[in-house]
Amino acid sequence: MIQYDYVVIGSGIAGLSFALKAAAHGEVAVVTKANKAESNTVYAQGGIACVTSTEDSFELHVRDTLSAGAGLCDEAVTRIIVTEGPARIRELIELGVQFDAREGDPDSEMNGTSELDLTKEGGHSKRRILHSRDITGKEIERALVAALEKHPRVHVLEHHIAVDLITLSKLGFASEDRALGVYVLNEASGEVITLRSDRIVLATGGCGKVYLYTTNPPIATGDGLAMAWRAGARIANMEFIQFHPTCLYHPEAGSFLISEAVRGEGAILVDKKGNRFMDRYDVRGELAPRDIVARAIDAEMKRTGARCVYLDITHKPPEFVRERFPNIASTCLSYGIDITKQKIPVVPAAHYQCGGVQTDVDGATSLRGLYAIGEVACTGLHGANRLASNSLLEAVVTAHRCNEALLRAFPHTLPSERVHFPLREWVSGDAQNLDEMVVIYHNWDEIRRLMWDYVGIVRTTKRLQRAATRLRNLDREIQEFYWNFKITTDLLELRNLCTVAALIVDSALQRQESRGLHYTLDFPEPSDSLQHPTLLRRL
Ligand code: FAD
Ligand code: SIN
């Protein structure tokens, strides 16, 4: 059993930003299930939304965020995150993040970031997205990892997967519940270790892998959300899964995103005959918010029977396209598509979870001692649909605020001054090694396919009910594996995926209206009486 002042689970932008700040006040463990740079963060392309230009204002950014969020954003939280953005951006720059620069503009000295190039994405009324060509996340993650490596008080446990939270109630105490530690599987040795801390920060990112087609990497299996649920924390708004409109459609490409910034720089969406269609769906055309564009593509594909639509940026100068989008251009070329001359085949794919573990703007969850920041959390910023590039912003702002809030809540950092409850070590008992991996993979595929088919962009109550029934059966089977066999990463992820899928379905069944990303044919209009978050809590 190892004691830390802070245990952070996850090493994307949220976890690393928090760990760097917390390390000034105590010993920090960062538990991460792959290598430390692997995360959704490292694949972020478009950039980070922040008001840095005199032509823009906090008010406009707030207005755009609220408008995309379709009546469900928490306005106070939105204001805080938007207005604290510039200070956090300055810190990222001080850390060494290189955002693309533009020609200096002596008239716009706002925030000391006036020389930065700004791009545009759907739903933004102004150019306000800072970026590092089309690999913004990689650049941010690089700088954070480099800073972390110099910090003697941050202990990174790579290839360690958090299994479950240890809480007072799980230990059998009846007093007010709180988080006390976490069980962690060391993937290499198969051993489960116990980390003790009264400040546990979930920064485990999203759950894109719950869908068959996603822009997310394999780590995105909703582990933190499932752990928080099992520990009794409140979960909010899980029906709002954002589908990115433009994922590359190619049999060998897996899940490669074509950034919304490509549309921000003028690309248009067309069908296979080259006809533009977005203007039939929204006056903002290709730059309407994501829910509208993804639904329009889905409708066009269903209407014409096509397997994909196309994104066309061939009218822009080839040098501009190659310089502005080097990663997208070279990746597409590796699949035989020259984007300066050819249209890019694209389809929508699951991209972002707008809901999550319910928190305040400082990351505090409903369970004492447990904090959640980044994509795993639901602060209220995104409402029913996240505005593009607001998630990296939310992660850095809430990481900073969470550290400040913890310093206020725990002014003493000495372990001896804290309450100690006896924790139990993990017991494997007579669990066997699972010899039939095929059952894990079969269930994994089944969940992802049923979520895609029944709980996708357009929903119906009947399909949701079918999904709920199937998931209940799968859950029973998976619980049996969990208790009878030695745990592995695959088994843990499968168990978490099943839990998260059920939370999405249960939330979607509760929302008997269409709003933002949740669209159901049975209730096609929004309802005033449902303009509030969907909350779930394990009893
Ligand atoms: P992540 O970066 O996903 O990090 C989660 C971490 O938790 C990982 O290190 C993972 O290994 C670890 N982890 C998970 N489970 C466990 C476990 N059980 N035990 C231990 N460790 C665990 N947003 C924007 O604002 N702008 C963009 O341009 C943008 N582009 C995107 C492009 C792509 C292709 C994708 C997929 C997303 C994009 N997003 C973008 C969304 C954004 O990248 C994510 O929301 C954000 O990076 C999430 O950061 P995070 O720190 O919360 O989680
Ligand atoms: C993109 O580059 O299109 C992704 C932006 C985001 O998800 O915020």
Side-chain angles (χ1 to χ4, degrees), residues 7-18 30-50 119 121-124 129-132 134-138 140-141 144-145 156-164 182-185 187 201-209 214-227 242 244-248 255-264 290 293 325 327-328 349-354 356 372-377 382 386-396 398-399 489 492-493 496:
V7 171
V8 182
I9 309 173
S11 57
I13 185 171
L16 295 188
S17 302
F18 174 86
V30 175
V31 178
T32 191
K33 71 175 174 182
N35 67 60
K36 55 183 168 282
E38 187 57 5
S39 54
N40 267 346
T41 301
V42 86
Y43 300 97
Q45 294 186 354
I48 178 162
C50 185
T119 193
E121 290 179 4
H124 288 274
I129 295 153
L130 311 174
H131 63 97
S132 186
D134 57 353
I135 49 164
T136 311
K138 194 170 176 188
I140 292 176
E141 188 76 15
L144 288 170
V145 167
V156 184
L157 303 173
E158 291 183 295
H159 301 284
H160 280 65
I161 174 164
V163 178
D164 252 329
V182 57
Y183 293 121
V184 174
L185 172 70
E187 223 183 1
V201 180
L202 288 177
T204 46
C207 66
K209 292 303 277 188
T214 176
T215 63
N216 290 191
I219 54 101
T221 50
D223 300 353
L225 186 94
M227 282 193 287
Q242 185 169 69
H244 196 293
T246 57
C247 186
L248 178 62
S255 54
F256 185 69
L257 182 77
I258 308 294
S259 175
E260 194 151 318
V262 179
R263 275 175 282 139
R290 271 185 200 166
V293 183
F325 301 110
N327 177 38
I328 294 173
H351 182 62
Y352 185 86
Q353 81 176 42
C354 293
I373 51 177
E375 189 168 339
V376 68
H382 309 307
R386 174 179 66 104
L387 184 66
S389 288
N390 262 358
S391 102
L392 296 175
L393 174 73
E394 182 191 44
V396 273
T398 53
T489 302
L492 292 174
E493 289 182 342
N496 292 332

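Note that ligands are numbered from 1 as they come in the structure, with each ligand's atoms numbered from 1 the same way. The structure displayed is predicted, hence computed values, not measured ones. The figures here come from the full heavy-atom set of this structure, side chains too, leaving out hydrogens, waters and symmetry mates.
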Inset, instruction - Decide yes or no on side-chain hydrogen bond (donor to acceptor under 3.5 Å, both in side chains) for H382 and E394, but give the supporting numbers first. - result: CA-CA 9 Å; H382 309 307; E394 182 191 44; 2.9 Å; yes
Inset, instruction - Compute the shortest N/O to N/O distance between E38 and ligand 1 and return yes if it is under 3.5 Å, no if not. - result: yes
Inset, instruction - State if G137 counts as touching ligand 1 under the rule of any non-hydrogen atom under 4.0 Å. - result: no
Legend entry - Any N or O of A14 closer than 3.5 Å to N or O of ligand 1: yes
Legend entry - Proximity winner for atom 41 (C) of ligand 1, if only heavy atoms of A349, S391, A399 are counted: S391
Inset, instruction - Determine whether E121 and S259 make a side-chain contact, defined as any pair of heavy atoms from C-beta on separated by less than 4.5 Å. - result: yes
Inset, instruction - Answer whether the closest heavy-atom distance between the side chains of T246 and R263 falls below 4.5 Å. - result: yes
Legend entry - Protein contact of atom 29 (C) of ligand 1 - nearest heavy atom, named by residue and atom, plus distance: A44 CB, 3.5 Å
Legend entry - Shortest protein heavy-atom distance from atom 53 (O) of ligand 1, along with the residue and atom involved: G205 CA, 3.3 Å
Legend entry - Heavy-atom check, side chain of V262 versus side chain of I328, under 4.5 Å: yes
Inset, instruction - Give yes or no for whether the N/O distance cutoff of 3.5 Å, strictly under, is met between I48 and ligand 1. - result: no
Inset, instruction - Taking all non-hydrogen atoms of both residues into account, name the closest pair between A372 and V376 and its distance. - result: CB-CG1, 4.1 Å
Inset, instruction - Could you say whether the N/O atoms of I373 and ligand 1 ever approach to under 3.5 Å? - result: no
Inset, instruction - Decide whether the shortest distance between a heavy atom of V31 and an atom of ligand 1 is less than 4.0 Å. - result: yes
Legend entry - ligand 1-proximal atoms of A388, by part, heavy-atom distance under 4.0 Å: neither
Legend entry - For atom 39 (N) of ligand 1, the option (of E394, H351, H160) bearing the nearest heavy atom: H351
Inset, instruction - Enumerate the atoms of ligand 1 whose separation from the nearest heavy atom of L257 is less than 4.0 angstrom. - result: 32 (C), 33 (C), 34 (C)
Legend entry - I13 N/O under 3.5 Å from ligand 1 N/O: yes
Legend entry - Those atoms of ligand 1 less than 4.0 Å from some heavy atom in G374: 52 (O)
Legend entry - Under 3.5 Å: N/O of E121 near N/O of ligand 1: no
Inset, instruction - Give the residue, atom name and distance (to 0.1 Å) of the protein heavy atom nearest atom 36 (C) of ligand 1. - result: N216 ND2, 3.3 Å
Inset, instruction - Answer yes or no: is there a side-chain heavy-atom contact under 4.5 Å between R290 and R386? - result: yes
Inset, instruction - Look at the side chain of E158 and the backbone N and O of K36, then say whether any donor-acceptor pair between them is shorter than 3.5 Å. - result: yes
Legend entry - Atoms of ligand 1 close to D223 [distance to a heavy atom under 4.0 angstrom, numbered from 1]: 15 (N), 16 (C), 17 (C), 18 (N)
Legend entry - Contact check, side chains of L257 and H244, non-hydrogen atoms, under 4.5 Å: yes
Legend entry - Any N327 side-chain heavy atom under 4.5 Å of F256 side chain: yes
Legend entry - Contact check: S11 vs ligand 1, nitrogen or oxygen atoms, below 3.5 angstrom: yes
Inset, instruction - Could you pull out, from H244, K33, R386, the option with a heavy atom nearest to atom 20 (C) of ligand 1? - result: K33
Inset, instruction - Write out all pairs satisfying salt bridge (charged side-chain N to carboxylate O under 4.0 Å, His left out) with one or both partners inside residues 216-225, taking only residues at least two apart or from two chains. - result: K33-D223
Inset, instruction - Measure the distance from atom 26 (N) of ligand 1 to every protein heavy atom, then report the residue, atom name and distance (to 0.1 Å) of the closest one. - result: G47 O, 2.7 Å
Legend entry - For G46, the ligand 1 atoms whose distance to one of its heavy atoms is below 4.0 Å: 28 (O)
Inset, instruction - Kindly tell me which protein residues have any non-hydrogen atom under 4.0 angstrom away from an atom of ligand 2, grouped by chain and ordered by number? - result: Q45, G46, E121, H244, L257, S259, E260, R290, H351, R386, A388, S389
Legend entry - Residue part near ligand 1, for A162, under 4.0 Å between non-hydrogen atoms: both
Legend entry - Closest approach of any protein heavy atom to atom 25 (O) of ligand 1, naming residue and atom: L392 N, 2.9 Å
Inset, instruction - Starting from atom 34 (C) of ligand 1, locate the nearest protein heavy atom and write down its residue, its atom name and how far away it is, to 0.1 Å. - result: Y43 O, 3.5 Å
Inset, instruction - Kindly indicate whether the side chain of H124, heavy atoms from C-beta on, has any atom under 4.5 Å from the side chain of L387. - result: yes
Legend entry - Pairwise side-chain contact, I140 with V396, heavy-atom cut-off 4.5 Å (strictly under): no
Inset, instruction - Taking all heavy atoms of L392 and all of A44, pick out the closest pair and write down the distance. - result: CD1-CB, 3.9 Å
Inset, instruction - Can you sort out which atoms of ligand 1 are near T204, meaning under 4.0 Å from one of its heavy atoms? - result: 5 (C), 7 (O), 14 (C), 15 (N), 16 (C)
Legend entry - Pair T215-H351, side-chain hydrogen bond (donor to acceptor under 3.5 Å, both in side chains): steps then yes or no: CA-CA 5 Å; T215 63; H351 182 62; 2.6 Å; yes
Inset, instruction - Indicate yes or no: does an N/O atom of K36 lie under 3.5 Å from an N/O atom of ligand 1? - result: no
Inset, instruction - Considering heavy atoms of the protein only, find what lies nearest to atom 7 (O) of ligand 1 and give residue, atom and distance to 0.1 Å. - result: G10 CA, 3.1 Å
Legend entry - Close N or O approach (Y352, ligand 1; < 3.5 Å): no
Inset, instruction - Decide whether an N or O pair under 3.5 Å exists between E375 and ligand 1. - result: yes
Inset, instruction - Identify, for atom 1 (P) of ligand 1, the protein heavy atom at the shortest distance, and state residue, atom and that distance. - result: N40 N, 3.5 Å
